[in-house]
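The chains referred to below are lettered A, B, ... by the order of the sequence lines, with proteins before strands, and numbering in each begins at 1. Keep in mind the model is a prediction, meaning the values are calculated, not measured. Keep in mind that the numbers below use all heavy atoms, side chains included, and drop hydrogens, waters and symmetry copies.
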Number of protein chains: 2
Amino acid sequence: MANPANHPGDGSRATLAQVAARAGVSASTASLAFSGAGPVADETRERVLAAARELDYGGPDPRARSLRTGRSGIIAVVMEDRISVAFGDPVAVTLLDGIADEIGGAGYSLLLLTDSLERAEGGLRDAPMDAALLLGCSTDLDPAVRVLSQRQVPLIGVEAEPRQGLPMVDIDNRAGMRRLAEHLAGLGHERVAVITLPMDRGHARGPLTQVRQDASVAYTGLERLAGVRDVFPDAPAEVAAGSLIEEGLIAARALLDAEPALTAIVGQSDLLALGAIQAAEERGLRVPEDISVAGFDGARIDGLSRHRLTTVVQPTLEKGRAAARLALAALAGEPVENVAFTTELRIGDTTAAPRSA
Amino acid sequence: MANPANHPGDGSRATLAQVAARAGVSASTASLAFSGAGPVADETRERVLAAARELDYGGPDPRARSLRTGRSGIIAVVMEDRISVAFGDPVAVTLLDGIADEIGGAGYSLLLLTDSLERAEGGLRDAPMDAALLLGCSTDLDPAVRVLSQRQVPLIGVEAEPRQGLPMVDIDNRAGMRRLAEHLAGLGHERVAVITLPMDRGHARGPLTQVRQDASVAYTGLERLAGVRDVFPDAPAEVAAGSLIEEGLIAARALLDAEPALTAIVGQSDLLALGAIQAAEERGLRVPEDISVAGFDGARIDGLSRHRLTTVVQPTLEKGRAAARLALAALAGEPVENVAFTTELRIGDTTAAPRSA
DNA sequence: CTGTTAGCGCGTTCAG
DNA sequence: CTGAACGCGCTAACAG
């Protein structure tokens with residue numbers, strides 16, 4: 001029944017016109033029968049579908065439809081890191097989940113692009129897409145913005161540095177961190193250090209010197225750092241190579257070598273904070289008795305730690321949804337406005353008054 | 001300079017023909033100037049690019065190119081779960097990383113599709129793609145296979161039930177688990193239980209009854225179960241709702257209620273095994289002294305546990321790469337053959353002789 | 001090296 | 001409700 005050898009050009013796929021001819025209707029009628037976009041008599045539709053089955057025709061070609069309608073049904077998400085790194089972070093996964101949920105609900109599919117500078121930007125330049133979301137925490141969005149805006153692809157940023165013509169979803173990174181720092185200050189902490197997200201494209205580790213800081217365009221990381229320094233202006237910072245437990249561990253080890261001893265470590269993400277806790281325990285320090293540790297995100301880190309981490313909770317899923325909705329609005333020709341979410345301090349059991357206090 | 005109002009139809013994007021006209025060359029020459037697919041005099045190319053800049057033309061439209069060439073440059077990955085669930089599993093992330101790496105290297109981009117049955121299969125039916133990878137461990141590939149093969153999209157399976165016309169990358173799930181079971185048997189274990197991956201689309205938890213087992217088409221889970229039962233034919237099995245630590249915890253709690261007490265639990269993934277360890281410790285059981293626990297995958301679970309889990313190591317990244325290469329081969333018209341990888345037993349410190357032995 | 005000629009497969013007018 | 005004609009934007013042939 002399927003794939004009969006009774007029509008010319010068999011082996012390659014049939015075309016709508018061929019199906020229409022076989023059904024004895026015009027191409028436009030056949031088109032309507034498939035898309036359901038217009039009125040077609042039931043009996044006519046049946047004939048068309050039957051002809052399609054006989055010719056083994058699998059429906060309108062998305063490529064042709066795409067050219068005709070000017071839409072590909074694809075929304076791209078541009079990340080900086082390779083997948084294994086990006087998705088090691090539950091925040092990124094949750095964000096993507098929100099995005100996928102919202103655009104999927106609107107009939108769009110999600111194209112995953114890595115903003116690698118290699119290969120002439122690969123998909124950034126060539127892939128069909130109706131809009132693109134630039135994922136935040138990125139150290140440098142410029143290349144992606146340049147290529148995509150030249151292509152005139154509508155762009156939406158997530159936690160990106162404010163820039164002309166890039167509507168954005170943001171959170172109050174600085175204020176959130178400031179509240180956390182104030183919490184620590186209130187407990188009596190004075191010697192507080194920060195473990196930051198990557199500060200440059202190379203994801204280099206090490207102390208955040210003034211030079212490095214000035215050279216950095218890592219929006220999220222800089223904002224969160226500023227929040228802590230609003231309260232602890234001299235807080236030293238150690239740069240991690242990614243939002244991973246292991247990176248937090250590495251950075252915290254470096255920080256714990258410092259003298260005089262720290263009383264608290266703030267991770268710019270929950271995973272970094274968990275790494276810091278491990279580093280502390282590795283040295284026989286108890287959390288929070290000997291040292292306080294706090295994070296940022298309020299990520300789902302069940303099972304990763306026995307502690308309830310003190311952290312700044314952000315509405316990650318909602319952030320993803322909102323970004324997706326902005327993209328959909330842009331595609332619908334509706335006005336697109338920036339969206340800002342608010343974070344909330346959640347006190348856990350990893351922060352307490354320092355011994356010396 | 002950019003976007004001058006000196007050409008008609010401004011505001012919408014320019015077209016290659018317009019650029020060619022402005023540069024005083026033919027459309028085909030302009031096309032070559034952009035694609036670099038043919039010889040063009042340097043000076044001519046310069047004129048074309050200049051004209052493009054003046055018209056604010058961002059390069060050939062991927063949609064039109066796609067229709068013309070019959071290629072979209074997109075390879076889809078079809079997963080069963082929603083993103084937050086799928087990517088909670090480091091194995092899935094690693095697999096995807098391997099895939100993305102390989103297809104990115106070949107100039108393709110990665111479209112993420114969820115095989116949800118809602119919305120008329122959304123992207124499965126409509127999204128442009130040149131090939132699709134069906135990700136394994138799936139409880140039911142049928143719908144995706146049906147839709148995509150009707151569209152005549154080349155398909156590659158990863159750990160899927162063998163089926164006609166679906167080239168596949170597989171591992172020796174059963175043999176690997178059998179070796180693990182033999183290791184346990186060699187230590188003297190007799191009462192061994194299994195925590196399985198989801199067995200049906202609903203991801204229902206609970207004991208795996210014979211009825212449920214017979215009704216299941218969850219290839220990977222059934223294979224891994226069979227491996228254990230090759231050695232422990234009566235091993236009870238508890239079904240988890242996903243490859244997550246928390247699911248392992250839930251399932252293990254149920255198993256630990258059983259009498260007589262188990263001496264070992266085998267998780268069908270490392271995450272499930274970690275959950276089982278937590279469940280054991282929750283009851284004051286020490287691992288491996290009081291109960292042995294083993295997993296499957298050899299996933300990167302640094303920082304998630306103090307133990308070195310005994311597990312069956314599979315080459316996950318390589319599996320992803322191989323699947324991607326099969327897809328690329330299919331697109332290149334080369335013959336596509338099944339690929340099989342071999343697992344390896346890695347003894348950690350979570351398995352030991354049972355107390356009674 | 002460049003120009004000419006044809007479509008790729010479809011959706012959408014507009015009549016009837 | 002259906003049919004005829006057109007062109008979306010581009011690139012593959014071939015000819016010059």
Side-chain angles (χ1 to χ4, degrees), chain A residues 7-9 12-48 51-52 55-73 125-130 151-153, chain B residues 7 9 12-49 51-52 55-73 125-130 151-153:
Chain A
H7 61 289
S12 194
R13 64 177 297 170
T15 172
L16 222 204
Q18 291 169 23
V19 172
R22 196 165 202 324
V25 298
S26 76
S28 81
T29 302
S31 176
L32 294 183
F34 279 105
S35 71
V40 177
D42 285 351
E43 189 232 352
T44 309
R45 183 191 357 266
E46 275 315 314
R47 274 220 316 286
V48 172
L55 294 180
D56 200 20
Y57 174 74
D61 184 330
R63 286 179 287 251
R65 190 221 299 282
S66 171
L67 173 59
R68 186 62 241 223
T69 62
R71 290 262 153 114
S72 62
R125 197 176 285 296
D126 292 335
M129 65 185 82
D130 298 336
R151 280 183 55 179
Q152 313 206 22
V153 173
Chain B
H7 61 289
S12 194
R13 65 178 299 171
T15 170
L16 221 204
Q18 290 169 24
V19 171
R22 197 166 201 325
V25 299
S26 77
S28 82
T29 301
S31 176
L32 294 183
F34 279 105
S35 71
V40 177
D42 284 353
E43 187 231 353
T44 308
R45 183 190 359 265
E46 275 316 314
R47 275 220 315 285
V48 172
L49 296 181
L55 294 180
D56 199 21
Y57 174 75
D61 184 329
R63 287 179 285 253
R65 190 219 296 280
S66 170
L67 173 59
R68 185 59 242 220
T69 63
R71 289 263 153 115
S72 61
R125 198 176 285 295
D126 291 334
M129 66 184 82
D130 298 335
R151 280 182 55 180
Q152 313 208 21
V153 173

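At a threshold of 4.0 angstrom between heavy atoms, the contacts of B:Pro39 include nucleobase atoms, whether or not backbone atoms are also involved. Within 4.0 Å of B:Thr44, counting heavy atoms only, lie sugar-phosphate atoms of the nucleic acid but no base atom.
Rounded to whole Å, atom P of C:dC10 lies 13 Å from atom CG of B:Asp126. The nearest whole Å value for the distance from the CZ atom in B:Phe34 to the C1' atom in D:dC10 is 12 Å. If you measure from atom CD of B:Gln18 to atom P of D:dC8, you get 10 Å, rounded to the nearest angstrom. Between the CG atom of B:Leu16 and the C1' atom of D:dA12 there is a distance of 14 Å, given to the nearest Å.
At a cut-off of 3.5 angstrom, counting only N and O atoms as typed in the model, there is a donor on one side and an acceptor on the other between the side-chain of A:Ser28 and the base of D:dG3.
Regarding contacts with the backbone of D:dT11, a side-chain N or O of B:Ser31 is found under 4.0 angstrom from either OP1 or OP2. B:Thr15 has a side-chain polar atom (N or O) that falls below the 4.0 Å cut-off from OP1 or OP2 of D:dC10. A sub-4.0 Å separation between OP1 or OP2 of C:dT4 and a side-chain N or O of B:Ser26 is absent. For B:Tyr57, a side-chain nitrogen or oxygen approaches OP1 or OP2 of D:dC10 to under 4.0 Å.
Heavy-atom nearest nucleotides on DNA chain C were determined for B:Ala27 and for A:Thr29, and the one closer to the 5' end corresponds to B:Ala27.
Atom CZ of residue A:Arg68 and atom CG of residue A:Asp61 lie 14.5 Å apart, to the nearest 0.5 angstrom. Rounding to the nearest 0.5 angstrom, the gap separating the CG atom in B:Asp126 from the OG atom in A:Ser35 is 10.5 Å.
In summary, B:Arg63 and A:Asp130 engage in a salt bridge, as defined by a charged side-chain N under 4.0 Å from a carboxylate O.
Put simply, the side chain of B:Thr15 never gets that close to the backbone of B:Gln18: no donor and acceptor are under 3.5 Å apart. With hydrogens and angles disregarded, no donor-acceptor distance shorter than 3.5 Å links the side chain of A:Arg151 to the backbone of B:Gly58.
Checked against side chain to side chain contact (heavy atoms under 4.5 Å, CB included), A:Leu16 has the following partners two or more places apart in sequence or in another chain: A:Ala30, A:Ser31, A:Phe34, A:Tyr57.
The stretch residues 61-71 of chain B touches DNA chain D through B:Asp61, B:Ala64, B:Arg65, B:Arg68, each having a heavy atom within less than 4.0 Å of the strand.
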Margin query: If you apply the rule side chain to side chain contact (heavy atoms under 4.5 Å, CB included), what do you find for A:Arg22 with A:Val19, and how did you get there?
Written below: CA-CA 5 Å; A:Arg22 196 165 202 324; A:Val19 172; 5.8 Å; no
